Structure formats: structure tokens, C-alpha cells
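Throughout, numbering of the chain's residues begins at 1 and tracks the sequence. Treat the numbers as computed from the prediction; the structure is a model and nothing was measured.
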Amino acid sequence: MYLGFDTSNYTTSLALFDGKEIFQSKKLLSVKEGEKGLRQSDALFQHTVNLPQLVDSFDFDGKLSAVGVSAKPRNIEGSYMPCFLAGVSSATALSKFCGVPLYKTSHQVGHILAALYSADILEYINNPFIALHLSGGTTEVLYVTPDNDELIKAEIIAESLDLKAGQAIDRTGVLLGMKFLCGAELDELSRKSDKHFKYKVPMKGCDCSMSGIENKVKNLISSGSSNEDVAKFVIDALCETVNSMLLAVTEKYGELPIVFSGGVSSNSLLREYISSRYNAYFAHPSFSCDNAAGVAIYAYLKDSL
């Protein structure tokens, strides 16, 4: 059994992996109504409170083989967020107490591995592929290759230069009176609109700009557009943006397998839009949002080397 810890900005998560099945336990961090996020000190405190509760939720009396933990957002120099210290502290203590190895990775690698596992294509770690990481803090297209040390190396080849996909969704949702995090509720609301919005995506090479989406949302609201149409505009604009990035990347890197990860990837309209144009792989929504599944899988794979 391999236990993974992930303490991201908005979810405390644990996962057990037995080599075949994943058992997950998660708890969303609490954000006050009307607010658009959390300070890192508040996130760190909530993770510290949540972790013992999640550990207690597992009915597990076996022997651990190794522990995995996401220690930072990405596997690049300078990548750091204090909220990950909660997971690192607990995972380190547990590995030492049990006398088993501790394997540290990044939140992003965890997302990618969880998506591969959910799509039943974990063997893709052995060859290059394209991964999209779409979340509240990240909108990136990644060139993923095998790596002896990190298991997989994710190089950013396209990204949003300003607003991120999840931010566009959450800020719109808050403006419409939704409680943060807004992804699931905005997804449901957008499906009630029968409009289709065209959106010209500002591109710089393979990179995009998404700040115009938020400005357009405010204009639509002030002009009296329905909440359903505002929600649909955001998703349509997001679909066009992701498509523009993929077109640019495909032209430069050629046809490679495409894997979607991150919470925004669970949006139903985005999945339909992309699936009609690309042979892309999507994780089940429970493996798209922040989770420790990929981190537990990382520990299993590293321990098997």
C-alpha cells in the first residue's frame, strides 16, 4: 500500500494505492462567502486541522510500503507555496515512524499521473505526450517526457500570460452570486443557455491572454445578459482559448497524445468541444480536481524502480 498526501491551495487530500485501485479521502478548504480565495496562512492552518481527520477516515490496518507527497506546485526551481508544508510535515513524520521511503514530487506531476491512471493509460509515462493542466492557478500546455529522477518531466510550451482558466470561471461565478469554488455550478448553469458565443483569442506565439474574458463578463452583466448566457460565454471563450493553444502547439510539436488534467478539465462543455476535435484523454472528474491519487501512484512507481 502506498499513501499519498496533497495539500493544495483549496483541497486537503489523501489517497491509498494498492497497485491497482485508488482509495481517496478529500476535504475542500473553507472560503468565506463573497471571497475569491484564501491567504496562504489560512490554507496552511486548515490543512493542519484537516489532515488528522482524513487519516482517521481510512479503514486501514496493513503495512505501508512507501509514502508520497506533493512538496511544491511544479518541478522547477523557485516553485514554492507554504500550503504544501502541511503535507510534507505529515508525510515525513509518517514515513520515519513507519520506517518506509518518502518520495517527494510536485502537485503538477500528481495531476498528470492521476489523469493517466483514470484514463487507463499510465504506460504513457514511457513516451512523450502533451498534457494540459487547467486549474485556478495554472493554465499550461506541457511537453511531457520520461525522466530518470522525476519519473516524468513536464516542460511548459504554452501558457496563459495573465488570467488563468480557473480564475476566469471562479471570478465570474462570484460575480453571479455563486460560492467559491464555482466550477461545478457554473458548468451546470452554462448548459441552460442556447447561445453560442464566438471569441477571438489574443495569442502571442503558443501563449494566450485570458484577461479579456473577465472584462467581457463584466460588460455582459452590466448590459443585462442572463446569468445563463454569461456562464455560457465564459465556457465558450475558454474552449476557443484551449483550442487556439492546441492548434499552435500541434503545429510546432506534431501530433502527440493529448491528456487533460486539473479541475477545469472536468467541465462538461469543454470535454465535448475538445473531444469533437482531438483524440484527447480526460480523467474522471474525481481525478481531475485536486487530489493525492497521482502522488500515491508516484510513490508506487518510484518504489518499483
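At distances below 3.5 Å, at least one donor-acceptor pair connects side-chain atoms of Asn291 with backbone N or O atoms of Cys289. Ser65 places no side-chain N or O within donor-acceptor distance of the main-chain N or O of Tyr2, the cut-off being under 3.5 Å. For the pair Ser223 (side chain) and Leu220 (backbone), a donor-acceptor distance under 3.5 Å is present. Of the possible polar contacts, one joining the Asp207 side chain to the Glu159 backbone as a donor-acceptor pair under 3.5 Å is found. Side-chain atoms of Asp170 do not come within 3.5 Å of backbone N or O of Gln167 as any donor-acceptor pair. Side-chain atoms of Ser193 never come within 3.5 Å of backbone atoms of Ser190 as a donor-acceptor pair (strictly under, hydrogens ignored). No donor-acceptor distance shorter than 3.5 angstrom exists from the side chain of Thr138 to the backbone of Leu134, with no hydrogens or angles considered. Remark: side-chain polar atoms of Lys218 are not paired, donor with acceptor, to backbone N or O of Glu214 under 3.5 angstrom.
With respect to the salt-bridge test (charged N to carboxylate O, under 4.0 angstrom), the residues Asp229 and Lys232 do not qualify.
A side chain to side chain donor-acceptor pair (under 3.5 Å) with Ser70 is found for one member of Asp6, Thr105, Asp290, Thr7 and no other, namely Asp6. Each of Asp147, Ile112, Asn75 was scored for a side-chain contact (heavy atoms from CB on, under 4.5 Å) with Ile152, with one residue passing: Ile112.
Under the 4.5 Å side-chain heavy-atom criterion for grouping Ile, Leu, Val, Met, Phe, Trp and Tyr, Val109 is not connected to Tyr143 through any hydrophobic cluster. Side-chain heavy atoms closer than 4.5 Å link hydrophobic residues (I, L, V, M, F, W, Y) into clusters, and following such links, even through other members, never connects Val55 to Val49. Two different hydrophobic clusters hold Leu85 and Met81 under the rule that ILVMFWY side chains link at heavy-atom gaps under 4.5 Å.
Within a 6.0 Å radius of CD in Glu33, other residues, nucleotides and ligands contribute 12 heavy atoms or fewer. Other residues, nucleotides and ligands contribute more than 12 heavy atoms inside 6.0 Å of the CG atom of Asn126.
Taking all atoms of both residues into account, the shortest heavy-atom contact from Leu113 to Ile297 is O-CD1, 4.2 Å. A pairwise comparison of heavy atoms in Met203 and Gly205 identifies CE-O, 3.6 Å as the closest pair. Contact detail for Gly4 and Val295: the closest heavy-atom pair is CA-CG1, 4.1 Å. Taking every heavy atom of both residues into account, Gly183 and Ile169 meet most closely at CA-CG2, 3.8 Å. The two residues Tyr117 and Lys20 have their closest heavy-atom pair at OH-O, 2.8 Å. Contact record, Cys206 with Met245: O-CG, 3.9 Å, taken as the closest heavy-atom pair.
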Show your reasoning for whether side chain to side chain contact (heavy atoms under 4.5 Å, CB included) applies to Ile156 and Val141. CA-CA 6 Å; Ile156 300 173; Val141 184; over 6 Å; no
Any chance you could lay out the side chain to side chain contact (heavy atoms under 4.5 Å, CB included) test for Ile130 and Leu142, step after step, and finish with the verdict? CA-CA 6 Å; Ile130 298 295; Leu142 307 158; over 6 Å; no
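Note that CD of Gln46 and OH of Tyr10 are 10.5 Å apart. Values are rounded to the nearest 0.5 Å. If you take OG1 on Thr172 and CG on Leu186, they are separated by 6.5 Å, rounding to the nearest 0.5 Å. Residue Asp18 holds its CG atom at 9.5 Å from OH of Tyr300, rounded to the nearest 0.5 Å. Put simply, CZ on Phe180 and CD on Glu35 are 10.0 Å apart, with the number rounded to the nearest 0.5 Å.
Note: Phe58 and Phe23 fail the aromatic proximity criterion, with ring centroids not under 6.0 Å apart.
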Contacts under 3.5 angstrom, residues 275-286 side chains, donor-acceptor by atom type, not counting sequence neighbours:
| unit_1 | atom_1 | unit_2 | atom_2 | d |
| --- | --- | --- | --- | --- |
| Ser275 | OG | Arg271 | O | 2.7 |
| Ser276 | OG | Tyr273 | O | 2.7 |
| Arg277 | NH1 | Tyr273 | O | 3.2 |
| Tyr278 | OH | Asn243 | OD1 | 2.7 |
| Tyr281 | OH | Tyr124 | OH | 3.0 |
| His284 | ND1 | Ser286 | N | 3.1 |
| His284 | ND1 | Ser286 | OG | 3.0 |

List, one per line, each side-chain donor-acceptor pair under 3.5 Å for residues 254-262, sequence neighbours excluded.
| unit_1 | atom_1 | unit_2 | atom_2 | d |
| --- | --- | --- | --- | --- |
| Ser261 | OG | Leu132 | O | 2.9 |

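Taking the six-membered ring where tryptophan is involved, the planes of His111 and His133 are tilted, since the angle between them lies from 30° to 60°. Using the six-membered ring where Trp is involved, Tyr298 and Tyr103 have ring planes that are perpendicular, over 60° apart on the 30 and 60° scheme.
With sequence neighbours excluded, the residues that form a side-chain hydrogen bond (donor to acceptor under 3.5 Å, both in side chains) with Ser268 are Asp187, Arg191. Applying the side-chain hydrogen bond (donor to acceptor under 3.5 Å, both in side chains) criterion to Ser135, with sequence neighbours excluded, gives no partner residue.
For the 3.5 Å distance criterion, the side chains of Ser265 and Ser288 fail to qualify, holding no donor opposite an acceptor.
Legend: ring-ring contact (aromatic ring centres under 6.0 Å, His included) pairs involving residues 26-55, not counting sequence neighbours: none detected. The salt bridge (Lys or Arg N to Asp or Glu O under 4.0 Å) analysis of residues 64-88, with sequence neighbours excluded, yields the pairs Arg74-Glu140.
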